[in-house]
Structure formats: C-alpha cells, structure tokens
Amino acid sequence: MHAQGHCMAALRGPHPPWPGPTPMLKIQVSHSYFLQYDRKQWERGKPYPPLATIQVAAFLRQHGHRVTLFDAMLAEGVEAYAEALHATAPTLVVLYEDNFNFLTKMCLSRMREAACQMIGEAHASGARVIVAGSDASDQPDAFLAAGADVVLLGEGVAALAALVERLDRGHAADNLDWTAGLAGVAVRVDGQTQLQRIGIQPPDARLVGHPAWDLVDIERYRAFWKQRHGYFSLNMAASRGCPFRCNWCAKPIWGNHYRQREAADVAAEMSHLKHAFAPDHIWMADDIFGFYVAWVKTFAGHLREGAGPVPFTIQARADLCSEAMAQALAEAGCVEVWIGAESGSQRVLDAMTKGTRVADLTGARERLGRHGIRVGFFVQLGYLGEELEDLLATRELIARAAPDDIGVSVSYPLPGTRFYEKVKAQLGRKTHWEDSDDLAMMFRGAYDSDFYRHVRDLLHAQVELQQSAQLSAEHHQLARAALDARWNALIASEQAHRTEPTRLPITATLSHA
C-alpha cells in the first residue's frame, strides 16, 4: 500500500547519549519477509534490503552493542534461521519488520507463520525476543503466543531503547519487571495479553544516521538483480510517514505524521551508496517523496555539487506533480514516478477520501512524461460501492493517460482504517492474504474475486498493448479488437459474478477498433 503526506520539521541533531556504562549486548536484528514465500514478488524479482530493520540495527550499534543481522529477504526459507541463530547465539533477538516494505502492512499469513516460527526458535534458544511491525502492532496476541517476550506497538524506538538498557543493566528478571512503567508495549501474563497503547507517535527523531549497510550481503542482492534484470537497484528513504487520510490506508506505525530528512543528508547517503556499492538505480521507499518543490531543488543541487545523482524511482501523489515539481524531479535524477491513481471514477476517489481528481492523474502523467519521467499507476479494484461503470471509468483512464506501467490490487481491509470498520462484520475466516498475488475479496464487494482478477488481467493487457510500439498498424488493430472482445465477454458475464444481482441488466460494451 502506498500513502502520502505533509511535511513536519526535519530531523535535528542526535538524541543525547545512552545513559549509564558502555553497553555490550549480543543482539540479533531480523525480519520475516521471505521473498521465497511470496510467489508474485519472487517472479517479479525486485528484492530490497529491509531498510527499517537495518536502521534499527544501526541505532543499536551506535550505542555499543554487538549487532548481527538475519536478512530473510533472499534466504532459502525459514529453516535458514535456526543456523543463523546458532551461529550468533544472541542474548536478545529483535524481530523488526521493514516499515518501508508496503507488503508488511498487508499482514500476509505466510510471513506471520514464518515470524512465529522464528520467535519460537529464538525463545527456545534462551534469547529474549522483542517483536515490532504493523501486524504485531495490530495483533500482538499471535506473536506473544509464539514466544515473544514483548511486542512493540508502533515504531517503538523509545520502548526498545528502554528495554535494551534495562536488559543490559540486568534489570529484567521477568517480563513484568522488564516492561514495568513502559507504555507502548504488549506482554503476556498468565496467558493473557496486557498492553498499554500510547496512540500513534511521530517518527522518532533518534533514528538518525545511515542504516547499517555493512550488515547486508550486498553482493547477493547485486547478483540476483543482475541475473533477473541486468541492472542493480538499492533502496533509500528520505522521509517517514504520511498525513493524508485515505480511508483504506493503514498507518499503525506513524499514523498521519510525516518527518522529512534534510536534503543534504539524503544526498550524502545517495553519494555513499554510489561510491560504496555502485547501484545502477535507487528505489526511494518513502510513502511520498519530496513533497515540496523547494526541497527537491535543494536535493538536486547537493547532488550536482557532489558525486552526481543515481537514477531513482519514487512514489507520489498526482496533485503534487506540478510542472515545477516535474522539472525539479528530472533535475535530481528521477526516472520513474508511481502514482496512487486508485480509480478512474471520481465517485470512488471521493468515497476513498483520496483528495485527488481524475484530471490530476492525466495532468501529472502528461507533465512527468514531458520531462522524460516514466509513470506508473497503482490501481485498486472492488472498493465499497464501486460498480461496473466505475470499473469502466478506470479502464478509460488507463486508455487516456497511457501510463508506462500499472500495479493492480483489490481493496484490502486493513485493521485500524475506516474502511475496515465498515466491512469488518462481513469478514469471515479469511482475514489475511496468503501472499501478495492472492487478490481475494475478503468482504462483499459488487463482484466475486474471479471477476476482479479478470479485470486486472485485462488492464495489464491494455497497458502492454498501448506500450507495444513494435507492432505494425495491422497487428495492433487486430490485438485491439481481440482485447475489446475479451472486455465485452467479461461485461456480458458480469451478472454471473455479482455477489448480489442487480435490478436491471448491464448492457455496456466496449469498442476501440
């Protein structure tokens, strides 16, 4: 899921030094997103190091602890964890999910299973176990039952700092003693979960400095990317959080807060990655990158004064992609922008409280395209109240705006959102997707899951056809006719896919021959 936001004050100086004597715990930092367990993402083949995880690793190491990393992303499977655990014998395991990986918001059941197995093994080894992430914040019971000692609610940096300090001082006889007086944590006492939520907090200003890149097996990532795509991409983030209030977007970590780094610091990190690892491309993992034209221009200036930019991709909102922003992004080295289009129906966008207009989408695509920047649209199908005419409006948007690429999903009820509250009474036994290609409807939309999967496939086919410049005019016309026939066949069968029959038959057809 993607999200966007307003700018708060940029990060200031580092937090005061950790109190007390020099700490020296053996800490293993890990996460549970195994690319092998997500078929769609494995086939897509674009893995990135766990950015938030290695930020926390750097934070812990800044205070003298001996930190190791178990990076699940390219591991063969959860079985590899036991070997890493045995090799490092940590005193403390911190399972800290990557907040910048939007798939962790979706609480994929296969990843939760892996996390619980890792927690059980770490607990059995005698290590204390702390867990943090979107799924754990929403549903701490599952992780505590698996053997976690403490679940951090939200970003949890303040609580993590206090817990590590107490453990290092030996003030952690049991979990109640360990967490006494701390808010924002969940523990299990006599089989019952006890927690004290503190509400959503802004991104913690103590997470400063660059991530612990040296803990990552960069060459393994490089080899994977080179084999699959012929180039190598790494990830960065210039900000954390987002204040826009789309009612389907879950924000259990930062809520509607947004914290942006100084442009000079982001440019310095890009220069470091360029010199140290020579990536061909960088994915900016921010929910929204830049936000202000002035910030992007300053960023571009620092890059010019330094080692120069690395071509990068961002996520953005259509209503922020002005002509001035498009120009500034191009000057900074941006080569691709992914926009949360969601729908071509204004009625659906308004129902989502998206805050954008359909005209914003076509305008942003045109402006960015004029500056040589590729544009991708995220599209969401099946939102509450969406009907066939709305789906066809999305199809028309794709035809008119002609994005270079699209990503298509169906509406996913994420805990903590207004959308979830509206549909939770409809949720049955299936409350999570197995993997990101599941695309199953978990509430009662207008159509069944199979119908939306067909729409997804047709939208992708449409983009592929629009981008197929190599086809002759005759072959293009034939392909267009075949695609229209598939659309018309699906429309003709739409009544059979409805979750509740409509009163009047739909007779809409398509023709672009």
Side-chain angles (χ1 to χ4, degrees), residues 1-4 40-41 44 102-108 134 242 244-251 287-288 315-319 337-358 360-362 364-365 375-401 403 405-423 426-427 432-433 435-460 462-463 490 497 499:
M1 303 297 168
H2 41 92
Q4 289 85 20
K40 176 181 177 180
Q41 299 306 318
R44 180 171 176 263
F102 74 93
L103 294 168
T104 65
K105 284 187 180 181
M106 301 171 74
C107 313
L108 302 175
S134 295
C242 153
F244 285 99
R245 299 178 183 273
C246 305
N247 61 23
W248 45 264
C249 184
K251 299 177 181 179
D287 285 335
I288 179 168
Q315 294 180 140
R317 279 176 62 97
D319 53 354
V337 174
W338 277 86
I339 293 172
E342 317 310 347
S343 175
S345 166
Q346 191 62 51
R347 188 172 70 87
V348 173
L349 292 178
D350 292 344
M352 291 176 167
T353 63
K354 179 69 181 180
T356 52
R357 310 289 298 175
V358 174
D360 295 332
L361 297 168
T362 53
R365 198 279 181 262
V375 177
F377 280 178
F378 289 116
V379 174
Q380 186 177 157
L381 308 176
Y383 193 77
L384 278 175
E386 182 186 62
E387 292 291 343
L388 181 61
E389 64 189 60
D390 302 303
L391 289 168
L392 296 184
T394 298
R395 195 252 189 202
E396 178 59 27
L397 169 67
I398 301 302
R400 188 169 64 255
D405 201 355
I406 58 171
V408 184
S409 183
V410 296
S411 296
Y412 185 110
L414 289 160
T417 63
R418 281 176 285 166
F419 173 47
Y420 178 87
E421 293 302 315
K422 290 180 179 180
V423 303
Q426 301 176 20
L427 300 180
H432 297 82
W433 285 352
D435 57 37
S436 63
D437 200 35
D438 196 326
L439 220 68
M441 291 291 287
M442 294 187 291
F443 64 99
R444 191 171 61 251
Y447 298 100
D448 59 25
S449 300
D450 191 50
F451 186 81
Y452 293 116
R453 291 178 182 130
H454 283 304
V455 173
R456 171 200 59 188
D457 293 344
L458 290 173
L459 290 175
H460 277 292
Q462 179 177 323
V463 172
L490 181 62
H497 291 282
T499 56

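Residue numbers start at 1 and run along the sequence shown.
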Begin with the C-alpha distance, continue with both residues' side-chain angles, and end with the deciding distance and a verdict on side-chain contact (heavy atoms from CB on, under 4.5 Å) for F451 and L391. CA-CA 11 Å; F451 186 81; L391 289 168; 3.7 Å; yes
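- For I406 against H460, the heavy-atom pair with the smallest separation is O-CE1, 3.3 Å.
- A donor-acceptor pair is defined here as one N or O able to donate and one able to accept, closer than 3.5 Å; such a pair exists between the side chain of E386 and the backbone of G382.
- The backbone N or O of G445 sits less than 3.5 Å from a side-chain atom of T499, completing a donor-acceptor pair.
- With Q346 contributing its side chain and V358 its backbone, the two residues share a donor-acceptor pair below 3.5 Å.
- Here the straight-line distance linking atom CD of E396 with atom CD of Q462 works out to 8.5 Å at 0.5 Å rounding.
- The nearest pair of heavy atoms linking G344 to T394 is N-OG1, 3.0 Å.
- Not a single donor-acceptor pair under 3.5 Å links the side chain of Y447 to the backbone N or O of Y452.
- Here the shortest heavy-atom pairing between A318 and A364 reads O-CB, 3.8 Å.
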Between S343 and Y383, is the side-chain contact (heavy atoms from CB on, under 4.5 Å) condition met? List the steps. CA-CA 9 Å; S343 175; Y383 193 77; over 6 Å; no
Quick one: do E342 and V348 satisfy side-chain contact (heavy atoms from CB on, under 4.5 Å)? Show the steps, please. CA-CA 9 Å; E342 317 310 347; V348 173; over 6 Å; no
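- A heavy-atom distance below 4.5 Å is not found between the side chains of L361 and R365.
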Can you check side-chain contact (heavy atoms from CB on, under 4.5 Å) on D350 and R357, steps first, answer last? CA-CA 9 Å; D350 292 344; R357 310 289 298 175; 4.3 Å; yes
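- Here the closest non-hydrogen pair linking L397 and A341 is CD2-CB, 4.5 Å.
- Minimum heavy-atom separation, V463 to D405: CG1-CA, 4.1 Å.
- Of all heavy-atom pairs spanning R347 and E387, the tightest one is NH2-N, 3.9 Å.
- Partners of R418 according to the salt bridge (Lys or Arg N to Asp or Glu O under 4.0 Å) rule, which considers only residues two or more places apart in sequence or in another chain, do not exist here.
- Distance check, rounded to the nearest 0.5 Å: CE of M352 to CD of Q380 gives 4.0 Å.
- In this structure, R456 contributes its side chain and L381 its backbone to no donor-acceptor pair below 3.5 Å.
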